[in-house]
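Labels below follow one simple rule: chain letters A, B, ... track the order of the sequence lines, proteins then strands, and each chain is numbered from 1.
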Protein chains: 2
Amino acid sequence: MEKTRAVTARTSSESTRDIPEATVARLPVYLRALTTLADQGTGTCSSEELAVAAGVNSAKLRKDLSYLGSYGTRGVGYDVDYLRYQIAREIGVTQDWPVVIVGIGNLGQALANYSGFRSRGFRVVALLDADPARHDEVVAGIDVRPFDDLEQIVRDHDVAIGVIATPAVAAQDVADRMVACGITSILNFAPSVLAVPEQVDVRKVDLSIELQILAYHEQRKTQHAADPVEGASA
Amino acid sequence: MEKTRAVTARTSSESTRDIPEATVARLPVYLRALTTLADQGTGTCSSEELAVAAGVNSAKLRKDLSYLGSYGTRGVGYDVDYLRYQIAREIGVTQDWPVVIVGIGNLGQALANYSGFRSRGFRVVALLDADPARHDEVVAGIDVRPFDDLEQIVRDHDVAIGVIATPAVAAQDVADRMVACGITSILNFAPSVLAVPEQVDVRKVDLSIELQILAYHEQRKTQHAADPVEGASA
DNA sequence: TCCGTTTTGTTCTCCCGTTCACAAACTCCT
DNA sequence: AGGAGTTTGTGAACGGGAGAACAAAACGGA
């Protein structure tokens with residue numbers, strides 16, 4: 001229902017309307033590819049070049065970009081810097097997003113140290129852990145603080161995005177607390193299904209699931225290799 | 001073309017034929033949910049219960065399971081242990097998969113220490129790093145070894161799955177070496193697009209991309225909240 | 001044994017995403 | 001200025017997945 005709302009009417013402030021989810025998921029990939037091209041000194045690129053750099057089909061790339069607007073020039077291609085800015089603006093990474101990370105185990109530390117966040121518009125404003133033994137530590141130049149400080153930190157820094165890197169058993173509690181203090185986007189690394197209100201976005205990253213998917217295909221490959229040619233048994 | 005091969009003919013050893021990719025990606029989720037249920041002492045569950053535990057629609061769950069075979073009992077539900085075994089077998093995690101991890105930075109260490117691998121049919125047989133300064137270290141009870149040992153380790157342990165946790169610039173080289181010594185499945189944490197031969201599977205996990213997707217939706221939320229009601233400007 | 005209840009397995013329809021193919025538009029060269 | 005060559009933006013066809021809805025099958029009680 002909500003989906004067809006206002007497709008004909010147009011308000012002033014909208015270049016952005018109704019970008020498909022699949023496209024949104026690829027925009028960061030394009031952004032990265034464009035950054036690489038820019039670093040190489042490329043000023044202009046065709047959809048084909050960018051598609052190769054991003055690892056996708058050029059038709060798909062063009063259609064994706066068309067949802068943002070007409071930022072290319074026919075017969076020429078795309079201006080790398082210009083397109084990069086437009087995509088960054090569309091995603092929202094021209095501004096700085098404050099982020100809190102909860103759970104400073106191995107993964108939490110890796111995340112805290114990950115330079116890819118800072119360079120892409122995210123700033124880790126706090127590391128939280130429930131274990132008092134960790135509250136003395138400094139990870140990635142940031143003090144580890146008690147989990148109970150969450151409310152205050154979220155308020156002080158106007159945090160909207162939280163990262164959960166705790167064990168599975170703690171994840172739901174952490175999510176509840178995050179939601180309670182106004183966080184509306186959660187990146188969950190814990191292997192558990194989170195129950196959150198409708199308006200809260202949750203994305204899940206599960207390291208072992210990815211490996212299991214690979215294992216499935218790997219198993220099929222070796223199976224097939226061992227098989228005689230299909231139908232030879234008849 | 002290849003896809004429609006032998007859909008009518010049936011060889012002896014196949015319960016498994018043509019499982020949709022979307023389903024494959026969910027099987028590990030079901031597996032985890034079943035393990036949780038089993039730990040709680042649940043012996044039997046309905047598709048509805050399991051669907052809730054896995055965070056999916058029950059119709060979708062039933063359809064997914066139907067690709068594996070008929071492992072439920074109408075009017076009763078699914079036997080938790082039996083279904084769990086069947087899914088594990090289908091994915092291929094009843095056997096043990098030897099895995100090598102290349103790149104022992106923060107992320108590599110987190111991966112090496114991640115208990116979720118071992119408990120799910122994966123065994124880290126080697127940690128490799130190009131930096132000689134790291135070759136004395138022991139991470140997660142495993143010696144860090146020179147990257148050049150890759151060939152020998154892959155041969156000795158019959159490794160089919162490799163994990164790349166290096167910086168982006170090194171990723172393609174590592175992938176090439178992996179492919180050269182017979183690895184056919186790669187899990188790539190480096191933020192770069194890998195070029196590999198057709199028969200090699202690559203899955204990519206990009207931490208910052210997930211955050212950017214959240215940022216996009218977050219931006220829209222706040223934007224909409226600031227907007228007057230659609231059409232009120234006219 | 002038979003009927004009502006429960007729950008699976010499957011069919012059917014709809015929608016989203018991908019890809020093809022082409023018209024529109026821009027540049028360059030003559 | 002005009003035509004040839006390029007490359008974008010998009011309409012249309014196609015394929016696959018999601019969800020609703022139902023028929024088939026198992027159980028339990030009388």
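Picking from C/dC20, C/dT27, D/dG9 the nucleotide with the shortest atom distance to the side chain of A/A59 gives C/dC20. Closest contact between the side chain of A/T73 and the listed nucleotides C/dC26, D/dA23, C/dG17 involves C/dC26. In the set D/dA20, D/dG17, C/dT8, D/dA20 carries the atom at the smallest distance from any side-chain atom of B/N57. Closest to the B/V76 side chain, of the nucleotides C/dG9, C/dA23, D/dC27, is D/dC27. Taking the side chain of B/R62 as heavy atoms from C-beta on, and the options D/dG9, C/dG9, D/dA26, the nearest nucleotide is C/dG9.
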Task: side chain to side chain donor-acceptor pair (under 3.5 Å) between A/R89 and A/Y85, worked out - done: CA-CA 6 Å; A/R89 192 179 51 79; A/Y85 172 75; 4.6 Å; no

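Residue B/S47 has no polar side-chain atom (N or O) positioned under 4.0 Å from OP1 or OP2 of C/dT7. Dashed line: the shortest gap from a side-chain N or O of B/S70 to OP1 or OP2 of C/dG9 is under 4.0 Å. An OP1 or OP2 oxygen of C/dG9 is reached within less than 4.0 angstrom by a side-chain nitrogen or oxygen of B/Y78.
Considering only heavy atoms from C-beta on, A/V56 comes within 4.5 Å of A/R26 through its side chain.
The NZ-P distance, from A/K60 to D/dG15, rounds to 16 Å in whole Å. The OH-C1' distance, from B/Y71 to C/dT7, rounds to 19 Å in whole Å. Counting to the nearest Å, the C1' atom of D/dT7 and the CG atom of A/D79 are 15 Å from each other. Distance, A/K63 NZ to D/dG11 P: 8 Å, rounded to whole Å.
The 5' end of DNA chain C is approached more closely, in terms of each residue's nearest nucleotide, by A/D64 than by the other of A/G75 and A/D64.
Rounding to the nearest 0.5 angstrom, the gap separating the OH atom in B/Y71 from the CD atom in B/E90 is 6.5 Å.
Near DNA chain C, meaning a heavy atom under 4.0 Å away, the residues from residues 21-34 of chain A are A/E21, A/A22, A/R26.
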